[in-house]
Amino acid sequence: MVYEIGVDMALSAMKVSSIVTERDDQLYAMGVCEAMGLTPREAALVILAKDSEFVNPRETEICIKKWAREGSLNPTEPAVASALSRLGYNEI
């Protein structure tokens with residue numbers, strides 16, 4: 001439950017509604033990400049990248065870059081690297 005709240009908070013920080021995807025799909029993705037050892041912020045990126053039609057608002061970019069500077073994203077983790085690439089943040 002705490003992990004789910006953390007992911008929802010990360011999505012909110014990126015100005016992304018937590019209803020971007022179906023809630024059941026989102027809960028499943030959270031479970032997979034948690035089992036992989038991803039942080040809630042990393043899980044939020046993976047969930048966001050899964051929605052191919054999402055257009056990133058400026059707040060999302062600011063948040064992702066801030067998290068990268070803070071070291072709370074591990075860009076060498078394959079799932080995170082793939083999500084960043086899908087979202088167009090190859091330079092992080």
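Remember, predicted model here, so these are calculated numbers, not experimental data. Numbers for residues simply follow the sequence, beginning at 1.
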May I ask you to test the [X]-[Y] pair for a side-chain heavy-atom distance under 4.5 Å?
| X | Y | answer |
| --- | --- | --- |
| Glu77 | Met36 | yes |
| Met14 | Leu45 | yes |
| Thr39 | Asn74 | no |
| Tyr3 | Cys33 | yes |
| Val7 | Glu34 | no |
| Trp67 | Glu42 | no |

**Prompt:** What closest approach, in Å, do Thr60 and Tyr89 show between heavy atoms, and which atom pair accounts for it?
**Reply:**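 Closest approach of Thr60 to Tyr89, heavy atoms only: C-OH, 4.2 Å.
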**Asked** What are the two closest heavy atoms between Ala79 and Leu38, and how far apart are they?
**Response**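 Shortest heavy-atom separation between Ala79 and Leu38 comes out as CB-CD1, 4.2 Å.
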**Asked** Nearest 0.5 Å, what's the CG-CE distance between Asp8 and Met30?
**Response**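 Interatomic distance, Asp8 CG to Met30 CE, rounded to 0.5 Å: 4.5 Å.
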**Message:** Pair Leu87, Glu61 - check side-chain contact (heavy atoms from CB on, under 4.5 Å), show working.
**Reply:** CA-CA 9 Å; Leu87 293 171; Glu61 179 180 352; over 6 Å; no
Single-linkage hydrophobic cluster [X]~[Y], side-chain heavy atoms < 4.5 angstrom:
| X | Y | answer |
| --- | --- | --- |
| Val32 | Leu48 | yes |
| Ile47 | Leu27 | yes |
| Leu73 | Ile62 | no |

**Request:** Without swapping roles, check the side chain of Arg41 against the backbone of Ala10 for a donor-acceptor pair under 3.5 Å.
**Result:**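 It does not hold such a pair.
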**Asked** Is Lys66 paired with Glu59 through a side-chain N to carboxylate O contact shorter than 4.0 Å?
**Response**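 Salt bridge between Glu59 and Lys66, a charged N being under 4.0 Å from a carboxylate O: no.
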